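It should be emphasised that the depicted structure is a prediction, and the values quoted were computed from it without experimental measurement.
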Amino acid sequence: MMACAGVSAQGKALHDAACLQCHASLSGGNAYQLYQRSDRKVKTPEGLTKRVKSCALAADVSWNEAQREAVVRYLSDNFYRF
């Protein structure tokens with residue numbers, strides 16, 4: 001269980017560094033609103049993985065697979081509940 005918490009914490013740090021500024025600009029200042037809206041586009045774990053990969057490209061971050069998986073875990077644990 002501790003390993004999962006560590007992965008999620010790493011994912012939060014990566015997410016916050018690379019994603020918050022763009023997400024805030026897309027949602028009027030509340031970066032987390034994209035994850036909490038009722039009409040969100042991500043509906044499956046696979047969809048979340050795909051979205052994280054495409055957003056990483058758009059943000060020009062060079063995460064390795066483990067880092068992308070950590071971001072997916074963080075988002076799933078805290079917002080999507082997959």
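- Minimum interatomic distance between F79 and R40 (heavy atoms only, all atoms of both residues): O-NH1, 3.5 Å.
- At a threshold of 4.5 Å between non-hydrogen side-chain atoms, the residues C19 and V52 do not count as touching.
- Between C55 atom SG and D60 atom CG the span is 13.0 Å, to the nearest 0.5 Å.
- Listed by first then second residue, pairs satisfying side-chain hydrogen bond (donor to acceptor under 3.5 Å, both in side chains) with a partner in residues 20-30 read H23-Y35, not counting sequence neighbours.
- What you find for V72 and L48 is that their closest heavy atoms are O-CD2, 3.7 Å.
- Residues L14 and Y80 fall within the same hydrophobic cluster, defined by Ile, Leu, Val, Met, Phe, Trp and Tyr side chains chained together at heavy-atom separations under 4.5 Å.
- With sequence neighbours excluded, the residues forming a side chain to side chain contact (heavy atoms under 4.5 Å, CB included) with D16 are K12, L20, Y32, Y74, listed by chain and number.
- Of the listed residues (N78, D77, V71), just one forms a side chain to side chain contact (heavy atoms under 4.5 Å, CB included) with L75, and that residue is V71.
- Atom CD of Q10 is separated from atom CD of E69 by 10.5 Å, given to the nearest 0.5 angstrom.
- Separating the CD atom in E65 from the OG1 atom in T49 is a distance of 9.5 Å, to the nearest 0.5 Å.
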Would you sort out whether W63 and L57 count as a side chain to side chain contact (heavy atoms under 4.5 Å, CB included), showing the intermediate values?
-> CA-CA 9 Å; W63 293 334; L57 285 173; over 6 Å; no
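- Heavy-atom minimum distance, A59 versus A18: CB-O, 4.0 Å.
- Within a 6.0 Å sphere centred on NZ of K43, heavy atoms belonging to other residues, nucleotides or ligands number more than 12.
- Taking CG of N64 as the reference point, atom CD of Q67 lies at 4.0 Å (rounded to 0.5 Å).
- The neighbour count for R51 CZ, taken as heavy atoms of other residues, nucleotides or ligands under 6.0 Å away, does not exceed 12.
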